[in-house]
Amino acid sequence: MNDTRGLAFRTYLSSLLNAVRRGWLPLLVFVLLIGTWESAARLSLVDPMMLPAPSDIAANFVDGFSSGLYLQHLQVTLFQALSGFALACVVGICIGSISSFSERFARALQPILIAVEATPKIALAPLIIVAFGYGMGSKIVLATIVAFFPVFLGTVAGLRAAEQGRLDVLRALGASRLQMFRMVALPGALPHIFAGINVAVVFALLAAIVGEFMGSKEGLGTLILYANGNLDTARVFSILLVLAATGLSLHGLIGALRRRLLFWDAGRDEAYSTANG
């Protein structure tokens, strides 16, 4: 009995040490990288205009949030990105669902989708700003267009991968198309849809920033342009840090929502986390 407990304790201790090693190694590499970067900047081994010291970036980061400047502009960018993302999800899932169940609709829509997909979305930004102005509307439209395709493709792929056997059983029982969609096709397609949504939310954020580059009075993209014009590279890096943290947070929220809704899909959820981790 004591031998069994001793073996269990040693196994537990070994797994704990391995976990600590796995966690500390990336942290150690990160600290060494930041330390080397800081030393190179302070010793003037690199041009601070090109690569400012991490301490200067951190100082700008803290100052931007303590003054409320970053939070004010982050709210604008997030509103534009999330509005476009929400519209892209609604339109992408609806059109993807109709395309999966209607071959005639899919064939009619295919040339238009191919033409739009083949066109660089960022190239549409000046035209969208001309059409919708310099306000939030143009950024929301651009974010919607850019985020639409990942959601649409994920929806189509998921619905077309529905288990035919279950659909045949429901059809034999006299179920309608809507019932088959609600009971089998849509639940089975949710992992694919969430994969598209995960990509779309980041695309929407990027599109909002690009729209602000093209013309805006508010938003983090506008702050980047102002800082770049003033040759304030440290502030540019600090805003990029805010954008990176925002993107990671949105990615984490989508992942948490997926785990909450798709609790029955644990196997695929593990693969999803591994692929995106």
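Predicted model only: the values in this text are computed from it and were never measured. Basis for what follows: all heavy atoms, side chains included, without hydrogens, waters or symmetry-related copies.
- Every residue two or more places apart in sequence or in another chain that forms a side chain to side chain contact (heavy atoms under 4.5 Å, CB included) with Val141 is listed here: Ile128, Phe132, Ile145.
- Leu127 and Met136 fall into different hydrophobic clusters, where Ile, Leu, Val, Met, Phe, Trp and Tyr residues are linked whenever their side-chain heavy atoms come under 4.5 Å apart, directly or through other members.
- Using a 4.5 Å heavy-atom cutoff, the side chains of Leu82 and Leu250 are in contact.
- Applying the ring-ring contact (aromatic ring centres under 6.0 Å, His included) rule to Phe203 yields no partners; only residues at least two apart in sequence or on another chain are considered.
- Rounding to the nearest 0.5 Å gives a distance of 13.5 Å between NE2 of His73 and CG of Leu78.
- Met214 contributes atom CE, which lies 12.5 Å from atom CD1 of Ile209 (distance to the nearest 0.5 angstrom).
- Judged by distance alone, with hydrogens and angles left aside, the side-chain atoms of Ser83 form no donor-acceptor pair with the main-chain N or O of Gln80 at under 3.5 Å.
- The distance from atom CG of Leu241 to atom OG1 of Thr246, rounded to the nearest 0.5 Å, is 9.0 Å.
- Leu71 and Phe79 end up in different hydrophobic clusters when Ile, Leu, Val, Met, Phe, Trp and Tyr side chains are linked at under 4.5 Å.
- With contacts defined as side-chain heavy-atom distances shorter than 4.5 Å, the pair Arg235/Leu69 qualifies.
- Closest heavy-atom contact between Ala81 and Leu205: CB-CA, 3.7 Å.
- Among all heavy-atom pairs drawn from Gly221 and Glu212, the shortest one is N-OE1, 2.7 Å.
- In the hydrophobic cluster analysis, where Ile, Leu, Val, Met, Phe, Trp and Tyr join through side-chain heavy atoms closer than 4.5 angstrom, Val76 is grouped apart from Leu225.
- Between the side chain of Asn230 and the backbone N or O of Tyr226, at least one donor-acceptor pair lies under 3.5 Å.
- Ring pair Phe149/Phe152 is perpendicular by interplanar angle, where above 60° counts as perpendicular and below 30° as parallel.
- Leu206 and Ile140 fall into different hydrophobic clusters, where Ile, Leu, Val, Met, Phe, Trp and Tyr are joined by side-chain heavy atoms under 4.5 Å apart, directly or via other members.
- Phe213 CZ: more than 12 foreign heavy atoms inside a 6.0 Å radius.
- Shown here for Gly215 and Lys139, the closest heavy-atom pair between the two residues is O-NZ, 2.6 Å.
- In this structure, CG on Leu87 lies 11.0 Å from CZ on Phe85, to the nearest 0.5 angstrom.
- Side-chain atoms of Phe237 and Asn60, non-hydrogen and from C-beta on, never get closer than 4.5 Å to each other.
- Heavy atoms only, all atoms of each residue included: Val91 and Phe148 are closest at CG1-CE1, 3.8 Å.
- Counting only heavy atoms from C-beta outward, the side chains of Val90 and Val151 never approach each other to under 4.5 Å.
- Between Gln72 atom CD and Thr77 atom OG1 the span is 10.5 Å, to the nearest 0.5 Å.
- In this structure, Ser138 contributes its side chain and Tyr134 its backbone to no donor-acceptor pair below 3.5 Å.
- Closest heavy-atom contact between Met50 and Thr233: O-CG2, 4.1 Å.
- Residues Val210 and Val146 are not in side-chain contact: their nearest non-hydrogen atoms beyond the backbone lie 4.5 Å or more apart.
- Scanning all heavy atoms of the two residues, the minimum distance from Leu223 to Ile239 falls at CB-CD1, 3.6 Å.
- Residue Leu248 holds its CG atom at 11.0 Å from CG of Leu253, rounded to the nearest 0.5 Å.
- Side-chain contact between Lys217 and Thr222 is absent, with no heavy-atom pair separated by less than 4.5 Å.
- Note on Ile197 and Leu257: same hydrophobic cluster, where clusters join Ile, Leu, Val, Met, Phe, Trp and Tyr whose side-chain heavy atoms are under 4.5 Å apart, directly or indirectly.
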Side-chain donor/acceptor pairs under 3.5 Å, residues 51-59, sequence neighbours excluded:
residue	atom	partner	partner atom	Å
Ser55	OG	Glu38	OE1	3.4
Ser55	OG	Glu38	OE2	2.9
Ser55	OG	Arg42	NH2	2.4
Asp56	OD1	Arg42	NH2	3.3

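- Side chain of Ser99 to main chain of Gly96: no donor-acceptor pair is present (N/O by atom type, distance under 3.5 Å, no hydrogens or angles).
- The side-chain heavy atoms of Ile224 and Leu243, taken from C-beta on, include a pair separated by under 4.5 Å.
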